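Following: one structure in structure tokens, then a few remarks.
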Amino acid sequence: MKIREKLLKTKSLLDTVFLHDPIYTESILASFASRSHICLLGFRGSGKSHVMECLVRMIDKSCTAIQQGYLSAELEDVFARPDIPALMKGEEKVVWKDMVTARVKAFDEIQRLGVGALSAMFRLMTTGTVMYLDQEAGVEEFWIIATANPTEVGEDELNIRLPEPLWDRFGAVLWVPIAPLKYQMRINGKVEEMKKTLPVIWKEEDLLELWRTVEKIEIPENVEYAITLINRIIGFCKYAQNYDASSLTEMQKRELCSKCNESYLCSRIARPASVRAKLALSRLARGFAFLRGSKKVDVIDVLKAFPLVYWKRIKLMDEDQISNRLRALRELGELLITEIRETKEAIDLANDLKRKFDSIKYDRLNNWVNSKAWLIEVKEDLDDYYERFADQLRAKMKNADAKTKAKIYILARLKLPPYMADEFKAPSSVEIELNPKNLAKLAKIDPRLFRVAKKRKETGEKSIRIYGEYALKWLTME
């Protein structure tokens, strides 16, 4: 059975035991296929633990480890413990638990794990290894699926609030609501019986083949650029250092946005995401592309991945008024893609202006910058390009002869704004001997100039001085 067929069979079986809208199994399997660590959020009884267990059952036990969260579960209970007999002999050895070496690591109710276990989990998701007694262990390619019930954090002392840096290590976060009535009507004891009979589909070699195949899925340049812009627009603030909104407190961001143009999409974001979000969006989009049978990522895959990647990574300005966060994030993703498509002209203008300066196009780009704040970075990148190009010309001007200086000036006028090109003005006149060879060259520059030079030669003049454009063209002719 081919790898994608295995994934589709897994989906088909999941749909029989996890009765819910298809988006939830699709999102989990896109995460699984792309090796995007995922955390399933939801209230008690939403089925998040159930779907996790069902998926893990279809993976060979030698590749999996499951940990139930409880507050006293510390590092030694989850990841590693000292080898007591060895310690009694004076040897410091570690007994690594399956959770360290398993390819698929499942954590249920992580808000109930102890602080030490969570710290080890954070390191595992950051470096891929666990450290214990100055010894390190891990496996290079693995996938984490976890569940959490954030509604319980404030209800009892058996839960702890998960830190933001830990959320930032998850490639996807998915809220699993309680199933709609049409699905609840079909939930009965048979589902649990079917869960017990789920077949093993995935062995270790299958997992590795799946992950390596999905990792190679192509992201076209235009889609990669859109992914980059999505994260940058979300994290943009024209008042912040380097336009980086993450350098502001949430209070500062709200204050600045209240004084700014509310039509800017960045004004919808109270807390932006880190750069990890861009990498996570690319990875998960590959998973959605593979799931639908494509060898290339499309914008539709990016839009499907967007809510999962940014669920815990950003905070919206009107967060407290949002009753359907999934819909709000989907709408934000659509607006971002729409804006990126609308501003394609501005991006194209900047690229055109790098090839050849045009004052009309430059003015049009400035108009775009006035309507979309984040485009100022595109404009500044263009201006930086001009300065770098001018530096290259300045280096060439040193010890250059008249002919070379003329060539540099012509190139400067072609590529740079007038105020910068003027710096490279070349000699504006040149004396030319009137002989047949030079007359032929003057004819190539301008027939009228040739006729004037010819008449002067016929009257006995030995040379002619030409100026301005004529002089520049003469100097640059081979």
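In this text the structure is predicted, and so the values were computed from the model without any measurement. Values below: all heavy atoms of this structure, side chains included; hydrogens, waters and symmetry mates excluded.
Annotation: the span from R341 atom CZ to L229 atom CG amounts to 13.0 Å, rounded to 0.5 Å. Summarising the geometry, atom CG belonging to N367 is positioned 13.5 Å from atom NZ belonging to K372; distances are rounded to the nearest 0.5 Å.
We find that D391 and R388 are not joined by a salt bridge, their nearest charged nitrogen and carboxylate oxygen being 4.0 Å or further apart. Ion pairing between a basic and an acidic side chain is recognised when a charged N comes within 4.0 Å of a carboxylate O; E387 and R394 show such pairing. A salt bridge links R212 to E141: one of the charged nitrogens lies within less than 4.0 Å of a carboxylate oxygen. Between E334 and R330 no salt bridge is recorded (no basic side-chain N to carboxylate O distance below 4.0 Å). A salt bridge links D15 with K11; the closest basic N to acidic carboxylate O contact falls under 4.0 Å. Ion pairing between K315 and E164 fails under the 4.0 Å rule for side-chain N and carboxylate O. In this structure, E5 does not pair ionically with K9, as no charged nitrogen and carboxylate oxygen lie closer than 4.0 Å. For the pair K354 and D381, the salt-bridge criterion is met [side-chain N within less than 4.0 Å of a carboxylate O].
Relative orientation of the W202 and F32 rings is perpendicular, given thresholds of 30° and 60° on the angle between their planes.
For Y225 and K344, the side-chain atoms include no donor-acceptor pair closer than 3.5 Å. For the 3.5 Å distance criterion, the side chains of R169 and T126 qualify, holding a donor opposite an acceptor. Under 3.5 Å, the side chains of Y239 and K253 contain no donor-acceptor pair of N or O atoms.
With sequence neighbours left out, K203 forms a salt bridge (charged side-chain N to carboxylate O under 4.0 Å, His left out) with D60. For the ring pair (Phe, Tyr, Trp, His ring centres under 6.0 Å) test, residues two or more places apart in sequence or in another chain that qualify with F236 are Y243.
Here the closest non-hydrogen pair linking V56 and A106 is CG2-CB, 4.0 Å. Taking every heavy atom of both residues into account, L336 and I233 meet most closely at CD2-CG2, 3.7 Å. Across every non-hydrogen atom of A346 and L375, the tightest pair is CB-CD1, 3.8 Å. In terms of heavy-atom proximity, S282 sits nearest to E224 at OG-OE2, 3.9 Å.
A 6.0 Å sphere centred on CG of N438 holds more than 12 heavy atoms belonging to other residues, nucleotides or ligands.
One N or O on the side chain of R4 and one on the backbone of L291 form a donor-acceptor pair closer than 3.5 Å.
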